[in-house]
Amino acid sequence: MTIAAAGTPPATRRPSAIRGFFPILRGLLFAVIGGLIGAGIAIAIRSAMGVDPFDRTPSANGTIPSTEQIVTVAFIVAALGWLLGVGFWESTVRGWLGYQIKGVPTDWRRYLTVSEDHKVIGIQYLATFIVVLLIAGLGAMTMRAQLSQPGNTLLSPDTYNRIMSFHGIAMVSVAVASVMGSFGNYFVPIMIGARDMAFPRLNSLSFWLVPIVIVSLFLSQLLGGWDSGWTAYPPLSVKNASGQIMFNLAIIVFGLSSILGGINFIVTIVKMRAPGMSWGRVPIFVWSVFSAAILATFFTQFFAASLTMVLLDRIAGTGFFVGQGGAPLLYEHTFWFYSHPAVYIFVLPGFGMALEVLAHLSRKPLFAYRWAVAAFIGIVGLSGIVWAHHMFVSGMPNALLGPFLVTTELISIPTGLIFLSALGTIWMGRLWLTTPMLFALGFVFNFVIGGVTGIFLADVPTDVSLHDTYFVVAHFHYTIIGGEIFALFAAFYFWFPKMTGRMLSERLGKINFWIMFIFFNLTFLPMFWAGLHGMNRRIATYQNDLANVNLFISISAWILGSSFLVFVINVLWSLLSKRAARAEANPWKARTLEWLVSSPPPVENFPSTPIVVGSPYGYGTGGRPHAVFGLAGASDEEVTA
C-alpha cells in the first residue's frame, strides 16, 4: 500500500493525515443527524395519526411498537446520511445536480473515502472483514471460556446467547463477503483483462453499505441485543428485545449489498473479458466467483424477505409468523431457501482460491479443469432444491423427507469432483511448500472432514439424532472455517505481494499455519464426539460427564486464537517494517494475468488491452503463454510467466 508520495514536503503531510479521516467522521455526523431527523419524522407521523409517539404499552407480541417504529425510520434516514457524508454526495449526487464531481485522493486517504477503483474497494473489503473476523473470534473465545466447565457463571444464559448470536452473524458476514468483496473485487477484473468492474459506482456502494451493517449490529446491544442466533427463528425473533430490529435492518442492508455485488460480477465476467479469453480459458477462481455471484443474485432476497416479514410482525402488527394464522414454519422454509445456497456462496470462491494456488504452486495444469467448472455449475443448479434437509425435525410432511435426502446427497457429487480436481492437480506435482500452498493443502484436508460428516446430516435417521448438537457445530465449522477461511488465508498469502508490493514473512506464515491447522482440528474434532454424546448447541452449560472434553476444546480454541495474533504481527511487520522484502512482479512465477503487471498493479491495470492466447495453467506443456499484449511505442511482445 502506498503510504505517501515520495518527496512530499513535511509541512503538507500532517494536514493530509488529519483530513484523511474526514470522510468517515463526516459520514458518522451525517448518520447521527439523519437518525435524529428520521426519529422526528416517525414521531410526527404518530402524532398526526393521533397516537402517543412515546406509548410504552407492549403489543400482543410483547414488543414496544412505538420504540421500534421510531428506530426503523431513524435507521433508514441515518443510512442515507452516512452514504452522503462518506463521499457519495461529492462523487455522485453533485454530478446528478450538474455540479463538478470532486476528485479522489491518490495516496492512502483513498482507502477512507468513496472510490470507484476496484483495487481500492477490494482492500477496503479485506481490511474491514479482517477486523470483523478478529472481533467475532473474540466472541468465540468468550463463549469457550463460559463452556470450559459445566455450570459456569462467567456469563448469564441471556448474555451467552447474545454473544453467540453476534458471533454467528459476524462470522456468516465474513464468509459471505470477505472473499467475493476483497479478492473477487481486486483480482477478477485483472484476471479477465478488464480495466475495472462493469459498474464501478455500484461497486463502491456495495462496500459502503457494509459499515452500516457492522455499526448497527453493535448498536443493537444498546437496545438489549438479540438472542435468536443468526437464524432469527420466530416466534422468538418476534417477541425478544428491540435489538432484534437492528439485526433485521442490518441484514436486509447486507443482502442489498450482496445482490448489487452479485449483479456486478456477473455482468463484468460475461461482458468484459479480454480478446481471446473464451470460457475455456477463464481462470478457475473467476469461475468460482461467477457461480457464487449467480447464487447471491437470485437467492439473497429470500433471506431479506423473511426478515422483512419478521420486522412487519413487530412494528406493524402483521401475522406472518405469530398470532392467529401465523406460520413459523413458513419462516424456516424462506430462510433456508436462501441459507443453504448461502453455504455455497461461502465455499465456492474458497474452492476457486484453493485450486488456483494448488495449480500454480504444483507447477502443473489444473487437473480436470472442465469437470471442475461443470461441478461449479452443477452446484449452482442443485443448491436451490436441498434446503429442507435443515428441517427434517421441523414437522414437514414425511413424503418430503426422501426427496430432500436424495437431492442433498446428489449435491455431494459435484463437490466430490472439485475435491478430485484438487487431488489430481497435486499428484506427482513439483509442490512448492510455501505458506499459501500449506493453507491450500489444509483446506483440502479440512473440507474432506466437513464433506464426509455432512453425509450424516443429509440422511434422515442420523440427522434426527444429531440435529441441534455439537456434531452440527463441528460440521459447519469444518466447512466454513476449515474450508473457506483456510482458503482465504491461502489467497491472502498468495496475493498479498501483488496487492501491496511487500512479501509476508515465510517463517511467521508457517508458524501461523501450523498453529492454526493443528489447533483447529484439536478444537473441532472433539466436538463431533461431544455431539454424539448429547451436547446441545446454543446452551450455556452441559452435563457434567462432558466437562473434560469441553475443557480440552476450550484450551485448544484459545491456542487457535493465538494463531491470528501471529497473522496480524506478520501483516503489520510486512507493511510497516523497512526490513520487509519488496515483492517483484511475479514472485510465484505464475501464469495468470495479474502476475503480468507490476506489484501493486497500475491504476488502469494494463499498459494496453491484453490478448489471451493460451491456458492459464499450461505448466510443463511447452505451449503458448496465457496472454500477450503490446506496449506503447514498441512491437508486440509475449509476456510469459
Side-chain angles (χ1 to χ4, degrees), residues 179 183-184 186-194 269 273-292 348-377 414 416-441 443-444 447 487 490-491 493-495 497-498 585-597 601 606 610-629 638-641:
V179 175
F183 297 119
Y186 199 104
F187 288 106
V188 163
I190 304 177
M191 294 175 86
I192 65 173
I269 295 169
R273 301 192 312 279
M277 182 167 281
S278 63
W279 287 107
R281 290 173 174 173
V282 172
I284 199 68
F285 175 63
V286 177
W287 269 112
S288 70
V289 170
F290 181 67
S291 303
L348 286 177
F351 285 148
M353 290 186 299
L355 292 176
E356 200 76 43
V357 172
L358 290 172
H360 292 305
L361 299 186
S362 294
R363 320 310 289 177
K364 279 185 62 182
L366 182 65
F367 180 75
Y369 167 88
R370 294 182 183 275
W371 284 100
V373 171
F376 289 153
I377 297 171
L417 289 175
I418 296 170
F419 177 69
L420 291 175
S421 175
L423 290 184
T425 300
I426 62 178
W427 179 257
M428 300 296 288
R430 297 171 58 190
L431 305 189
W432 191 358
L433 293 177
T434 57
T435 302
M437 185 63 159
L438 291 175
F439 272 104
L441 294 172
F443 161 86
V444 174
F447 201 83
Y493 279 95
F494 184 67
W495 277 319
K498 179 57 59 179
N586 191 1
W588 310 117
K589 304 298 184 281
R591 289 174 52 91
T592 42
L593 275 167
E594 75 271 26
W595 300 108
L596 306 186
V597 295
F606 304 101
I611 301 172
V612 177
V613 296
S615 166
Y617 310 110
Y619 295 103
T621 62
R624 293 180 174 184
H626 178 47
V628 300
F629 57 87
E638 291 191 346
V639 183
T640 61

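Residues take their numbers from the sequence shown, with the count starting at 1. Keep in mind the model is a prediction, meaning the values are calculated, not measured. Any value given below was found using the heavy atoms of this structure, including those in side chains, with hydrogens, waters and symmetry copies removed.
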Review point. Is there side-chain contact between Ile269 and Trp287, with at least one heavy-atom pair below 4.5 Å?
Key: no

Practice item. Check Pro616 against Pro283 and note the closest heavy-atom contact, atom names and distance. Key: CG-CA, 4.3 Å

Review point. For Gly424, does its backbone N or O pair with a side-chain atom of Lys364 as donor and acceptor, under 3.5 Å?
Key: yes

**Study point:** From CG (Leu441) to CG (Leu358), nearest 0.5 Å
**Key:** 6.0 Å

Practice item. Might you point out which heavy atoms bring Lys498 and Val597 nearest each other, and give the distance in Å? Key: NZ-O, 2.7 Å

Review point. What pairs with Leu417 under side chain to side chain contact (heavy atoms under 4.5 Å, CB included), at least two apart in sequence or on another chain?
Key: Trp371, Ala375

Check your understanding: Which atoms form the tightest heavy-atom contact between Ala627 and Leu596, and what is the distance?
Key -> CB-CD1, 4.0 Å

Check your understanding: Quick one: CG on Leu361 to CZ on Arg363, what's the gap to the nearest 0.5 Å?
Key -> 7.0 Å

Review point. Roughly how far, to the nearest 0.5 Å, is the CG atom of Leu423 from the CD1 atom of Ile418?
Key: 12.5 Å

Exercise for review: Given side-chain contact (heavy atoms from CB on, under 4.5 Å), test Tyr369 with Val282 step by step and report yes or no.
Suggested key: CA-CA 10 Å; Tyr369 167 88; Val282 172; 4.2 Å; yes

Check your understanding: At their closest point, which heavy atom of Ile190 faces which heavy atom of Leu593, and how far apart are they?
Key -> O-CB, 3.3 Å

Study note, to complete from the structure: Nearest heavy-atom contact between Ala274 and Pro610 is CB-O, 3.5 Å

Check your understanding: So, the side chain of Tyr619 versus the backbone of Arg591: is there a donor-acceptor pair under 3.5 Å, distance only?
Key -> yes

Practice item. Cation-pi check, Arg370 to Trp279: give yes when NZ or CZ is under 6.0 Å from the six-membered ring centre and within 45° of the ring axis, no otherwise. Key: no

Exercise for review: Please name all residues satisfying ring pair (Phe, Tyr, Trp, His ring centres under 6.0 Å) with Phe439, sequence neighbours left out, ordered by chain then number.
Suggested key: Phe486, Phe489, Tyr493, Phe513

**Study point:** Nearest heavy-atom neighbours spanning Ala490 and Ala440
**Key:** CB-N, 3.7 Å

Practice item. Check for a donor-acceptor pair, side chain of Arg281 on one end and backbone N or O of Val613 on the other, with a separation under 3.5 Å. Key: yes

Review point. Which distance, rounded to the nearest 0.5 Å, do you find between the CD of Glu356 and the CE of Met191?
Key: 4.0 Å

**Study point:** side-chain contact (heavy atoms from CB on, under 4.5 Å) evaluation trace for Leu355 with Phe285
**Key:** CA-CA 8 Å; Leu355 292 176; Phe285 175 63; over 6 Å; no

Point to revise | Heavy atoms of other groups near Phe367 CZ, more than 12 under 6.0 Å | key: no

Check your understanding: When the aromatic ring centroids of Trp595 and Phe187 are compared, is their separation below 6.0 Å?
Key -> no

Check your understanding: Just how far is it from atom CD1 of Ile377 to atom CZ of Phe290, taken to the nearest 0.5 Å?
Key -> 8.0 Å

Review point. How long is the gap from CE on Met353 to CG on Leu348, to the nearest 0.5 Å?
Key: 11.0 Å

**Study point:** Ring centre gap for His360 and Tyr617 strictly below 6.0 Å
**Key:** yes

Exercise for review: Please identify each residue that fulfils ring pair (Phe, Tyr, Trp, His ring centres under 6.0 Å) with Tyr186, with sequence neighbours left out.
Suggested key: none

Exercise for review: Look at the side chain of Trp588 and the backbone N and O of Phe494, then say whether any donor-acceptor pair between them is shorter than 3.5 Å.
Suggested key: yes

Practice item. Describe, in one word, how the ring planes of Phe443 and Phe447 are oriented to each other, choosing from parallel (under 30°), tilted (30 to 60°) and perpendicular (over 60°). Key: parallel

